[in-house]
Amino acid sequence: MAEPSTHENAPDVRVERDGSLAIVTIDRPKALNALSPDVLSALLGAVEALAAEGSAVRGVLLTGAGGRAFVAGADIRSMAGRTPEQGEEASRLGHRVAAAIEGLSAPVIACVDGFALGGGLELALACDFIYATDASSFGQPEVHLGLIPGFGGTVRLPRAVGLARAKELIYTGRRIDAAEAVAIGLVVRSFPDRESLFAGARATLAEVGANAAPAVALAKRVLVDSAGRRTESATELEIAGFGDAFRTNDMREGVAAFIEKRDPVFTGV
Ligand code: DAK
């Protein structure tokens with residue numbers, strides 16, 4: 001595997017490349033990677049830059065630096081003097097980051113090693129799925145601060161764990177460990193340490209990467225766009241996406257390879 005190359009997008013967000021894999025790290029460990037407006041802007045810039053690369057990016061890992069936190073929430077200090085208008089502006093920025101992550105055609109795995117709280121859990125929920133170390137913990141503690149989730153938590157958490165469990169987590173603000181997070185379906189897999197977390201996430205992206213990239217991108221688009229829609233409207237999206245698959249060379253190749261009893265050679269178009 002090629003040596004990762006690093007470039008700085010902004011002081012608090014690093015993007016490393018390893019071929020078609022991108023590792024995006026929120027690097028503000030002194031504040032447990034809390035999401036200040038600057039961090040959110042840098043993250044948006046990083047994700048938009050990856051989106052601009054199109055099919056050159058086949059998978060993304062999103063993580064936090066320092067070994068204590070993925071992200072311990074929105075930056076509480078920067079909230080203190082905010083006007084309602086500034087609050088709304090910050091909320092919009094947070095939602096733009098989530099939408100940019102969901103809009104990437106490549107799968108994004110949140111690699112959580114430590115706290116994923118408040119806006120941090122909401123950021124992880126905007127990724128395709130969450131892998132975590134056993135020592136990680138998760139929660140939506142906004143009610144402890146007189147807030148409610150403001151970065152998609154009321155929308156994406158119920159989708160991930162069901163309405164009743166989401167209500168319990170949001171109303172109590174309590175923290176759960178990785179084992180409980182796996183048990184309720186919030187976390188897909190947990191690992192004993194950071195090294196095995198990243199090895200596991202990379203292995204999953206390699207498995208995905210062996211498939212037809214346009215099909216994976218179409219599946220992501222349909223899954224993301226149909227979330228929360230009524231059945232009829234959601235199935236229309238699937239029908240359109242299924243039709244779109246027939247526009248791709250990889251679909252022709254995959255079907256031909258099956259009929260000819262050989263392995264497919266996908267080209268990603
Ligand atoms: N914001 C700012 N700084 C934070 C932070 C946060 N969310 N979490 C931790 N830090 C800072 C601490 O202040 C401390 O800084 P210094 O005092 O050393 O300068 C440093 O990180 C280390 O934290 P601790 O000393 O507290 O470390 P402990 O191990 O004792 O405790 C902890 C770790 C994660 C349990 C604790 O730090 C903690 O409870 N943190 C707050 C967690 C939390 O409540 N998170 C949810 C924040 S509310 C919105 C959009 C979204 C949201 C709201 C509005 N719109 C845009 C309108 C979302 C809201 C949230 O996320």
Side-chain angles (χ1 to χ4, degrees), residues 1 4 13-27 29 32-33 35 43 46-47 50 57-73 97-98 100-102 104-140 151-153 156-157 159-162 165-166 169 175-211 216-217 219-220 223-224 227:
M1 201 175 279
V13 174
R14 279 188 286 120
V15 179
E16 293 159 82
R17 292 299 301 269
D18 185 354
S20 60
L21 174 71
I23 301 139
V24 179
T25 305
I26 300 166
D27 191 359
L32 300 184
N33 305 319
L35 300 172
L43 199 48
V47 176
L50 293 175
V57 178
R58 297 287 305 273
V60 180
L61 304 180
L62 176 62
T63 195
R68 290 201 58 216
F70 173 71
V71 168
V97 173
I101 291 171
E102 289 185 333
L104 281 175
S105 55
V108 183
I109 304 180
C111 292
V112 173
D113 182 21
F115 298 110
L117 303 175
L121 178 51
E122 293 170 293
L123 178 65
L125 284 163
C127 300
D128 289 284
F129 41 87
I130 304 173
Y131 283 4
T133 56
D134 294 339
S136 296
S137 60
F138 304 82
Q140 297 285 171
F151 188 5
R156 294 189 185 88
L157 186 62
R159 286 183 193 151
V161 304
R165 284 201 167 100
L169 285 170
R175 259 189 257 157
I176 60 171
D177 62 19
E180 187 174 350
V182 170
I184 66 173
L186 176 59
V187 167
V188 169
R189 262 174 235 274
S190 74
F191 299 85
D193 52 37
R194 192 175 176 95
E195 197 183 345
S196 54
L197 164 69
F198 278 88
R202 279 174 176 266
T204 295
L205 289 181
E207 202 180 330
V208 174
N211 298 323
V216 173
K220 175 169 176 172
L223 284 159
V224 168

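The basis for the numbers below is simple: all heavy atoms, side chains too, and nothing from hydrogens, waters or symmetry mates.
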Backbone N or O of Ala65 within a donor-acceptor pair of the Asp27 side chain at under 3.5 Å? no

If a pair satisfies ring pair (Phe, Tyr, Trp, His ring centres under 6.0 Å) and one of its residues is in residues 110-129, list it, with sequence neighbours excluded. Phe129-Tyr131

Sub-4.5 Å side-chain heavy-atom contact between Leu169 and Leu121: no

Residues in salt bridge (charged side-chain N to carboxylate O under 4.0 Å, His left out) with Arg156, at least two apart? Glu102

Short question: side chain of Asp177, backbone of Glu180 - any donor-acceptor pair under 3.5 Å? yes

Within the side chain of Lys220, is there an N or O that forms a donor-acceptor pair under 3.5 Å with the backbone of Ala106? yes

Answer whether the closest heavy-atom distance between the side chains of Leu123 and Ile101 falls below 4.5 Å. yes

Residues that Ser190 engages under side chain to side chain contact (heavy atoms under 4.5 Å, CB included), provided they are two or more places apart: Asp134, Ala178, Val182

What closest approach, in Å, do Phe198 and Cys111 show between heavy atoms, and which atom pair accounts for it? CZ-CB, 3.9 Å

Which residues pass the side chain to side chain contact (heavy atoms under 4.5 Å, CB included) test with Val161, not counting sequence neighbours? Leu157, Arg165, Ala166, Ile184, Leu186

Apply side-chain contact (heavy atoms from CB on, under 4.5 Å) to the pair Leu35 and Ile26, showing each step before the final yes or no. CA-CA 9 Å; Leu35 300 172; Ile26 300 166; 4.2 Å; yes

Please name the pair of heavy atoms, one in Gly64 and one in Thr25, separated by the smallest distance, quoted to 0.1 Å. C-CG2, 4.1 Å

Can you pull out every salt bridge (charged side-chain N to carboxylate O under 4.0 Å, His left out) where at least one residue sits in residues 182-195? Sequence neighbours excluded, please. Asp113-Arg194

Once rounded to the nearest 0.5 Å, what's the spacing between atom CG of Leu43 and atom CG of Leu62? 6.0 Å

Closest non-hydrogen atoms of Ala201 and Leu61, given as atom of the first, atom of the second and distance, are CB-CD2, 3.6 Å

Picking from Leu197, Ile109, Leu21, what satisfies side chain to side chain contact (heavy atoms under 4.5 Å, CB included) with Arg202? Leu21

Hey, does Phe138 have a side-chain heavy atom less than 4.5 Å from the side chain of Val187? yes

Output all residues satisfying side-chain hydrogen bond (donor to acceptor under 3.5 Å, both in side chains) with Glu122, sequence neighbours left out; order by chain, then residue number. none

Keeping to residues at least two apart or across chains, list the side-chain hydrogen bond (donor to acceptor under 3.5 Å, both in side chains) pairs with something in residues 61-71. none

Non-hydrogen side-chain atoms of Val60 and Leu104 separated by less than 4.5 Å: yes

Name all residues meeting the side chain to side chain contact (heavy atoms under 4.5 Å, CB included) criterion together with Ala219; count only those two or more places apart in sequence or in a different chain, and write none if there are none. none

Donor-acceptor pair, side chain of Asn33 and main chain of Ala69, under 3.5 angstrom: yes

Can you find a pair of side-chain heavy atoms, one from Ser137 and one from Ile176, that are under 4.5 Å apart? no

Quick one: OG on Ser136 to CZ on Phe191, what's the gap to the nearest 0.5 Å? 11.0 Å

